[in-house]
Amino acid sequence: MNRIIVKTIKIPPGEVILGEYDGKLCLLDWKYRKMRGRIDSRLASCFKASFDEGDCSLFEKTERQLEEYFNGNREVFDIPLITAGTDFQKEVWEALQTIPYGRTESYGELAARMGREKAVRAVAGANGANGISILIPCHRIIAADGSLGGYAGGIPAKKKLLELESQMFLKF
């Protein structure tokens with residue numbers, strides 16, 4: 001059976017679990033999120049893999065880049081990613097990665113930009129199913145009324161990420 005190597009790390013907003021499969025990051029998710037079991041089951045099923053605690057050079061690179069991000073010295077990550085989801089979910093996750101630093105979009109704006117204006121709820125569902133937080137920046141999605149909406153890491157973590165990015169954006 002294939003293996004997904006996992007490791008828990010602490011970042012300023014909380015604890016996250018890193019996962020590596022086939023030399024790529026497949027997981028950077030909040031340890032205590034409500035959908036934790038669903039995300040892990042989807043990964044195990046998609047990759048036909050079991051989870052094993054461990055460490056690898058990809059985790060070192062990811063931790064270093066996250067540290068740079070939280071110190072305000074990184075805007076773009078260059079970590080190889082592999083996602084596990086439906087084609088639609090993958091389409092949403094790719095679209096999320098095009099939202100510029102220091103910016104936000106509503107679910108409706110993201111759906112429209114994807115050419116799927118009537119799929120706002122489906123886009124929101126795919127956003128919530130994202131298992132690679134921060135690198136696939138689902139925290140940049142807000143409610144149509146400008147409120148923060150939900151977030152797997154909790155609203156305080158989302159607020160912290162958006163504040164960090166808006167400060168970085170304002171530096172230039």
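- For the atom pair CG of Leu66 and CG of Asn71, the computed distance is 11.0 Å after rounding to the nearest 0.5 Å.
- Look at Arg103 and Glu165 and you find no salt bridge, because none of the NZ, NE, NH1 or NH2 atoms lies under 4.0 Å from a carboxylate O.
- Here the CD1-CG distance, from Ile17 to Leu28, works out to 10.0 Å after rounding to the nearest 0.5 Å.
- For Ala129 against Trp93, the heavy-atom pair with the smallest separation is O-CZ2, 3.6 Å.
- In plain terms, the two heavy atoms of Cys138 and Asn130 that are nearest each other are SG-ND2, 3.2 Å.
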Working note: Arg3 + Glu20, criterion salt bridge (charged side-chain N to carboxylate O under 4.0 Å, His left out); need CA distance, chi angles, decisive distance, verdict.
CA-CA 8 Å; Arg3 292 180 352 135; Glu20 180 270 344; over 6 Å; no
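- The number of heavy atoms from other shown groups lying within 6.0 Å of NZ (Lys24) does not exceed 12.
- When all heavy atoms of Met114 and Ala95 are compared, the closest pair comes out as CG-CB, 3.7 Å.
- Screening Asn127, Ile99, Leu161, Leu110 for a side chain to side chain contact (heavy atoms under 4.5 Å, CB included) involving Arg140 leaves a single residue, Ile99.
- Using modelled atom types, no side-chain atom of Ser45 and backbone atom of Arg42 make a donor-acceptor pair closer than 3.5 Å.
- Taking 4.5 Å as the limit, every side-chain heavy atom of Ile142 sits out of range of all side-chain heavy atoms of Glu105.
- Note that the OG atom of Ser50 and the CE atom of Met1 stand 6.0 Å from one another [nearest 0.5 Å].
- Within a 6.0 Å radius of CZ in Arg38, other residues, nucleotides and ligands contribute 12 heavy atoms or fewer.
- Counted within 6.0 Å of CD on Glu15, heavy atoms from surrounding residues, nucleotides or ligands total more than 12; the atom is thus considered enclosed.
- Using a 30° and 60° split on the angle between ring planes, Phe47 and Tyr21 fall in the parallel class, below 30°.
- Between Glu53 and Lys7, none of the side-chain N atoms (NZ, or NE/NH1/NH2) sits under 4.0 Å from a carboxylate O, so this pair counts as no salt bridge.
- Grouping the Ile, Leu, Val, Met, Phe, Trp and Tyr side chains by contacts below 4.5 angstrom, directly or via other members, places Leu164 with Ile9.
- Note that CD1 of Ile11 and CD of Glu63 are 10.5 Å apart. Values are rounded to the nearest 0.5 Å.
- Atoms CE and CG, from Met35 and Asp29 in turn, are 8.5 Å apart once rounded to the nearest 0.5 Å.
- When all heavy atoms of Gly131 and Ile39 are compared, the pair lying nearest together is CA-CG2, 4.2 Å.
- At a threshold of 4.5 Å between side-chain heavy atoms, the hydrophobic network of Ile, Leu, Val, Met, Phe, Trp and Tyr places Val92 and Tyr151 in one connected group.
- A pairwise comparison of heavy atoms in Phe51 and Ala44 identifies CE1-CB, 3.9 Å as the closest pair.
- Summarising the local packing, CG of Asp87 is surrounded by 12 or fewer heavy atoms from other residues, nucleotides or ligands at distances under 6.0 Å.
- In this structure Asp22 satisfies the side chain to side chain contact (heavy atoms under 4.5 Å, CB included) test with no other residue, sequence neighbours excluded.
- No single ILVMFWY cluster, assembled from side-chain heavy atoms under 4.5 Å apart, contains both Leu162 and Tyr69.
- The shortest side-chain heavy-atom distance between Leu27 and Asp40 falls under the 4.5 Å cut-off.
- Placement of Leu96 and Tyr101 within a single hydrophobic cluster is found when ILVMFWY residues are connected by side-chain heavy-atom separations under 4.5 Å, directly or transitively.
- Counting heavy atoms from C-beta outward, Ser133 and Val16 have side chains that stay 4.5 Å or more apart.
- Rounded to the nearest 0.5 Å, atoms SG (Cys26) and CD1 (Ile82) are 7.5 Å apart.
- Hydrophobic cluster membership differs between Trp30 and Val6, with clusters built from Ile, Leu, Val, Met, Phe, Trp and Tyr side chains linked at under 4.5 angstrom.
- Taking each heavy atom of Leu58 and Pro80 in turn, the nearest pair found is CD1-CD, 3.8 Å.
- At distances below 3.5 Å, at least one donor-acceptor pair connects side-chain atoms of Arg74 with backbone N or O atoms of Val76.
- Side-chain contact of Asp78 with Gln65: a donor-acceptor pair under 3.5 Å is present, judged by distance alone.
- Residues meeting the side chain to side chain contact (heavy atoms under 4.5 Å, CB included) test with Leu81, sequence neighbours left out: Leu25, Ile79, Gln97, Ile132, Leu135, Ile136.
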